[in-house]
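Take this structure first; my questions come after.
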Amino acid sequence: MTTLRLGQMILKDCGEKSWRLADYEARGGYQALRRVLQEQWPPERIVEEVKASALRGRGGAGFPTGLKWSFMPRQFPGEKYVVCNSDEGEPGTFKDRDILRYNPHSVIEGMTLAAYAMGASRGYNYIHGEIYEVYERFEEAIAEARAAGYLGENILGSGFSFELYAHLGYGAYICGEETALLESIEGKKGQPRFKPPFPASYGLYGRPTTINNTETFASIPFLLTMGGEAFHRLGKPNNGGMKIFSVSGHVNRPGNYELPLGTPFAKLLELAGGVRGGRRLKAVIPGGSSTPVLPAAVMMECTLDYDSLAKAGSMLGSGAVIVMDETTCMVRALERLSYFYYEESCGQCTPCREGTGWLYRVVHRIERGEGRSEDLDLLQRVTTQIMGRTICALGEAASLPVQSFINHFRDEFLHHIEKKCCLVPREVQRAGSEIAVEA
Amino acid sequence: MLSQEALARIDREIAKYPPGKKQSAVMAALRIAQEEHGWLSQEIISFVAEYLEMPPVAVYEVATFYNMFDLKPVGRYKITVCTNLPCALSGGEHAADHLKERLGIGFGETTSDGLFTLKEGECMGACGDAPVILVNNRRMFCRMTRERLDSLLESLRAESEEKGRR
Ligand SMILES: Cc1cc2nc3c(=O)[nH]c(=O)nc-3n(C[C@H](O)[C@H](O)[C@H](O)COP(=O)(O)O)c2cc1C
Ligand code: SF4
Ligand code: FES
């Protein structure tokens with residue numbers, strides 16, 4: 001039993017028994033790296049291809065990858081770093097785990113190509129602490145690549161050298177934020193840094209650094225093999241390529257589905273076996289828990305890409321699609337998320353530290369039937385006091401769910417406050433969230 | 001304080017970082033120490049600090065910041081259950097309730113025989129496999145029905161007895 005349901009590019013033809021170097025090579029792996037080194041590509045050419053591909057960061061923010069890479073001062077003397085963000089902890093997201101365990105070499109090749117393009121000689125992959133077994137496998141894959149001459153000194157006789165290491169996280173969501181992640185690699189508490197300076201000028205150990213998500217790096221070999229333009233055409237304009245969607249919640253077949261950007265949500269829902277038990281769809285969080293929730297009717301009209309979801313008032317985020325059916329109490333769902341952000345705030349900015357506590361406590365009391373009529377306004381006010389006043393985007397991540405849940409499901413919140421109970425009976429909620437494992 | 005094997009593992013971690021950046025191995029060193037001792041006492045933290053040439057308070061800060069470190073003793077098997085929203089929609093809370101009932105303890109508690117500690121966890125990046133649990137920070141178990149939870153507890157008990165006999 002696996003969460004890999006449909007692979008069309010990164011996850012194509014790979015799995016529990018085909019993650020090794022020889023399998024990857026049989027799928028055409030390391031051809032892009034061979035070609036770049038043999039033909040002695042000027043590094044700028046890689047950056048140009050990535051720009052042409054319209055590849056946008058797969059970690060959540062969707063920043064154009066080619067543009068980010070062009071910020072690296074490649075002529076700058078001394079050590080430069082590429083860092084991979086595999087600290088996948090955004091609730092709903094479980095794609096990087098499948099990439100790392102089923103196709104780890106795509107990440108290694110992608111990082112090596114990135115290092116070549118940006119003149120970096122060292123890299124780290126920061127892996128989420130809870131997936132220890134995946135971390136062990138990644139270390140094995142690094143050893144395979146090193147033994148085969150794809151990593152280390154003088155790669156494939158080209159004169160280019162790159163060393164790669166894995167760093168294991170240990171249970172702090174905030175380390176997914178790129179500067180917190182760098183602090184963490186440096187052996188400190190994972191507290192985000194003020195930006196600017198950005199990592200491209202002041203990154204790991206104060207050196208120029210580029211950080212990308214696992215899926216972003218894993219896309220690079222495919223992108224270079226097919227060419228930037230062809231990669232772009234896989235998706236839609238400004239939304240190039242394939243994307244892995246992690247579908248969780250109330251569906252019959254939760255799992256990862258790799259699809260072209262621009263695929264209708266309705267199609268993904270169908271692939272995922274539809275809503276569990278034939279129940280009615282109520283709401284979807286389309287891009288990981290930090291992105292605004294959308295009601296079923298709005299979501300069913302969306303295509304899965306950065307632009308369509310932005311237009312609908314949400315975000316593609318990390319591509320984590322959390323499906324909720326009619327048995328879900330939206331107040332309770334929000335309460336759980338608010339608790340998470342409160343727990344995971346690193347505490348260094350007052351608006352976030354205090355604000356996330358307020359959000360949780362107020363949603364909690366509404367859920368328990370102890371809410372007051374002014375509480376919805378209070379929640380709104382707290383979010384506006386957080387947003388835009390914090391060092392990192394966790395402040396927004398905690399606020400957007402609160403705003404969107406109340407905005408779209410106000411009647412459920414009012415029912416809790418006025419009637420002191422839930423619109424969805426407790427037994428219905430319990431039955432709807434039963435353990436549902438396929439035979 | 002730590003075995004030769006643990007120290008060798010820590011040295012391998014230190015070697016991943018540039019010269020003079022030993023501190024980068026602090027998370028790994030604490031993890032390895034915790035794997036050997038079960039939890040992180042003041043003495044262990046001071047030992048790691050000395051080994052990495054760091055001020056003890058800096059190591060302590062790291063140990064308290066990351067949730068998977070235990071600064072108090074835990075049972076032989078620490079079981080962490082994910083109850084975050086995506087898991088909760090697919091049985092995460094039911095699985096947690098079942099474990100609480102079977103073990104007779106709540107979150108943050110340890111069974112009187114010192115065998116099991118139950119912890120509530122946040123998203124483990126495996127939501128499509130709900131319910132998800134993690135044993136001793138290392139072994140992940142997926143799609144845990146009540147039956148599978150029961151047999152896991154059984155096998156952990158057996159494993160512990162086995163170790164006890166040796
Ligand atoms: C609170 C918070 C958590 C984040 N968690 C992750 C994460 O788990 N994985 C990830 O790739 N990016 C995460 N990000 C985004 C990173 O800061 C960064 O934008 C990303 O790694 C850049 O890579 P990309 O451009 O390839 O997406 C997070 C950001 C914030 C504010
Ligand atoms: S916004 Fe929150 S998580 Fe981010 S730096 Fe400030 S306190 Fe820490
Ligand atoms: S919510 Fe449980 S693993 Fe993600």
Side-chain angles (χ1 to χ4, degrees), chain A residues 1 3 79 88-94 96-97 122 124 128-133 165-173 175 184-191 205 246-250 254-256 276 285 289 320 322-324 328 333 336-337 340 343-344 346 430 432-438, chain B residues 13 15-18 20-31 34 52 54 58-59 61-62 64-69 80 82-95 98 121-132 134 137-140 142-146 148-149:
Chain A
M1 200 51 89
T3 46
E79 197 83 86
E88 187 172 55
E90 167 92 349
T93 320
F94 51 93
D96 298 338
R97 170 178 176 240
R122 225 176 224 272
Y124 291 95
H128 199 220
E130 281 86 346
I131 51 171
Y132 182 78
E133 293 145 313
Y165 304 94
H167 182 108
L168 187 68
Y170 228 52
Y173 167 66
C175 289
S184 184
I185 297 182
E186 292 182 6
K188 304 176 199 153
K189 290 188 286 186
Q191 291 190 319
Y205 307 122
S246 301
V247 186
S248 65
H250 291 143
N256 284 316
R276 201 183 298 154
I285 303 177
S289 66
I322 308 170
V323 176
M324 292 174 276
T328 315
R336 186 60 186 87
L337 293 182
F340 169 71
E343 274 291 305
E344 299 295 333
C346 85
R430 290 280 299 176
S433 65
E434 244 309 336
I435 300 172
V437 171
E438 289 162 77
Chain B
E13 293 292 331
K16 289 179 176 177
Y17 306 96
K21 305 293 182 195
K22 264 187 182 179
Q23 176 168 352
S24 287
V26 66
M27 293 171 71
L30 288 171
R31 165 170 59 84
Q34 178 166 300
L52 297 177
M54 286 172 66
V59 179
E61 270 187 3
V62 169
T64 50
F65 188 82
Y66 298 90
N67 295 329
M68 289 164 71
F69 291 122
T80 313
C82 175
T83 61
N84 206 311
L85 178 63
C87 273
L89 294 171
S90 295
E93 291 184 354
H94 293 270
H98 186 75
E122 291 300 350
C123 181
M124 301 181 184
C127 336
D129 269 333
V132 184
L134 188 65
N137 293 342
R138 285 183 86 147
R139 283 187 280 172
M140 184 178 277
C142 296
R143 307 187 188 210
M144 298 306 280
T145 58
R146 292 178 180 78
R148 296 195 59 206
L149 287 169

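Below, chain A is the first sequence line, B the second, and so on; all start at residue 1.
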**Message:** Quick check for you: among B/Leu85, B/Val132, B/Val26, B/Thr80, which has the greatest number of heavy-atom pairs under 4.5 Å with chain A?
**Reply:** B/Leu85
**Request:** Counting only heavy atoms closer than 4.5 Å, note whether A/Glu79 contacts chain B via side chain, backbone, both or neither.
**Result:** neither
**Prompt:** Is chain B contacted by the side chain of A/Tyr205, its backbone, both, or neither, given a heavy-atom distance below 4.5 Å?
**Reply:** side chain
**Request:** Tell me, for A/Ser246 versus chain B, whether the close heavy atoms (under 4.5 Å) come from the side chain, the backbone, both or neither.
**Result:**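 Nothing of A/Ser246, per the 4.5 Å heavy-atom cut-off to chain B.
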**Prompt:** How far apart are the closest heavy atoms of B/Ser90 and A/Gly249, and which atoms are they?
**Reply:**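 Scanning both residues, the minimum pair turns out to be OG-O, 3.3 Å.
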**Item:** Contact leader toward chain B among A/Thr3, A/Ile285, A/Asn256, where contacts are heavy-atom pairs under 4.5 Å
**Value:**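 Maximum pair count with chain B is reached by A/Thr3.
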**Prompt:** Of all heavy-atom pairs between A/Gly89 and B/Cys123, which one has the smallest distance, and what is that distance?
**Reply:**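 Looking at all heavy atoms of both residues, the shortest contact is O-CB, 3.8 Å.
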**Prompt:** Should the ring pair A/Tyr124 and B/Tyr17 be called parallel, tilted or perpendicular, given that the plane angle runs from 0 to 90° and is split at 30 and 60?
**Reply:**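 Rings of A/Tyr124 and B/Tyr17: parallel, under 30°.
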**Item:** Heavy-atom proximity to chain A below 4.5 Å, by part of B/Ala88
**Value:** backbone
**Main-chain N/O of B/Ala28 paired with A/His167 side-chain donor or acceptor, under 3.5 Å** = no
**Message:** One pair to check against side chain to side chain contact (heavy atoms under 4.5 Å, CB included): A/Ser184 and B/Phe65. What are the steps and the verdict?
**Reply:** CA-CA 10 Å; A/Ser184 184; B/Phe65 188 82; over 6 Å; no
**Request:** Select one option (side chain, backbone, both, neither) describing which atoms of B/Arg146 are under 4.5 Å from chain A's heavy atoms.
**Result:** both
**Message:** For chain B, which candidate among A/Gly190, A/Ser248, A/Cys175, A/Cys346 shows the most heavy-atom pairs at distances under 4.5 Å?
**Reply:** A/Gly190
**Message:** Let's test your reading of the structure: which of A/His128, A/Met324, A/Glu344 forms the most heavy-atom pairs below 4.5 Å with chain B?
**Reply:** A/His128
**Which atoms of B/Ala25 approach chain A - backbone, side chain, both or neither, heavy atom under 4.5 Å** =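 Interface part for B/Ala25: neither.
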**Message:** Quick check for you: to the nearest 0.5 Å, what is the distance between A/Glu130 atom CD and B/Glu122 atom CD?
**Reply:**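 Rounded to the nearest 0.5 Å, the CD-CD separation comes to 9.5 Å.
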**Item:** CD on B/Gln34 to OH on A/Tyr170, rounded to 0.5 Å
**Value:**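 Rounded to the nearest 0.5 Å, the OH-CD separation comes to 5.5 Å.
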**Asked** At a heavy-atom separation under 4.5 Å, does B/Thr64 approach chain A through its side chain, its backbone, both, or neither?
**Response** neither
**Item:** Proximal component of B/Met144, with respect to chain A [non-hydrogen, under 4.5 Å]
**Value:** backbone
**Residue A/Ser433 versus chain B: region with a heavy atom under 4.5 Å** =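 For A/Ser433, the contact with chain B is made by backbone and side chain together.
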**Fill in**
d(A/Glu90 CD, B/Asn84 CG) to nearest 0.5 Å is 9.5 Å
**Prompt:** For A/Ala333, is it the side chain, the backbone, both or neither that has a heavy atom under 4.5 Å from a heavy atom of chain B?
**Reply:**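 Backbone plus side chain of A/Ala333, per the 4.5 Å heavy-atom cut-off to chain B.
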**Asked** Given a strict heavy-atom distance threshold of 4.5 Å, which part of B/Cys87 is in contact with chain A: side chain, backbone, both, or neither?
**Response**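 Answer is neither: B/Cys87 stays 4.5 Å or more from chain A.
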**Request:** Output the option from B/Gln23, B/Arg148, B/His94 having the highest count of non-hydrogen pairs under 4.5 Å with chain A.
**Result:** B/His94
**Prompt:** Which distance, rounded to the nearest 0.5 Å, do you find between the CD of B/Glu61 and the NZ of A/Lys188?
**Reply:** 11.0 Å
**Prompt:** Which region of A/Thr328, side chain (C-beta onward) or backbone (N, CA, C, O), has a non-hydrogen atom less than 4.5 Å from a non-hydrogen atom of chain B, or is it both or neither?
**Reply:**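 The answer is the side chain of A/Thr328.
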**Request:** Mind checking the CD1-CG spacing from A/Ile435 to B/Leu149? Nearest 0.5 Å is all I need.
**Result:** 6.5 Å
**Request:** With the side chain counted from C-beta on, respond yes when A/Arg97 and B/Asp129 share a heavy-atom pair under 4.5 Å apart, and no when they do not.
**Result:**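 Result yes, sub-4.5 Å side-chain heavy-atom pair found.
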**Request:** Answer with side chain, backbone, both or neither: which region of A/Arg276 has an atom nearer than 4.5 Å to a non-hydrogen atom of chain B?
**Result:**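 For A/Arg276, the contact with chain B is made by the side chain alone.
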**Item:** For B/Pro86 against A/Pro91, the heavy-atom pair lying closest together
**Value:**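 Closest approach of B/Pro86 to A/Pro91, heavy atoms only: CG-C, 3.9 Å.
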**Message:** For chain A, which candidate among B/Lys22, B/Arg138, B/Glu13 shows the most heavy-atom pairs at distances under 4.5 Å?
**Reply:**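 Between B/Lys22, B/Arg138, B/Glu13, the count favours B/Arg138.
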**Asked** Given side chains that start at C-beta, do those of A/Val437 and B/Pro131 come closer than 4.5 Å, heavy atoms only?
**Response**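 The answer is yes, as the side chains (C-beta and beyond) meet within the 4.5 Å cut-off.
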**Item:** Selection from B/His98, B/Arg31, B/Met124, B/Met27 maximising heavy-atom pairs under 4.5 Å formed with chain A
**Value:** B/Arg31
**Message:** Can you tell me how far apart NZ (B/Lys21) and CD1 (A/Ile185) are? Round to the nearest 0.5 Å.
**Reply:**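 So the NZ of B/Lys21 and the CD1 of A/Ile185 are separated by 12.5 Å.
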**Request:** Against chain B, label A/Tyr165 side chain, backbone, both or neither, depending on which of its atoms sit under 4.5 Å from a heavy atom there.
**Result:** side chain
**Asked** Closest heavy-atom contact between B/Tyr66 and A/Ala172?
**Response**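 Answer, listing the atom of B/Tyr66 first, then A/Ala172: CD2-CB, 3.7 Å.
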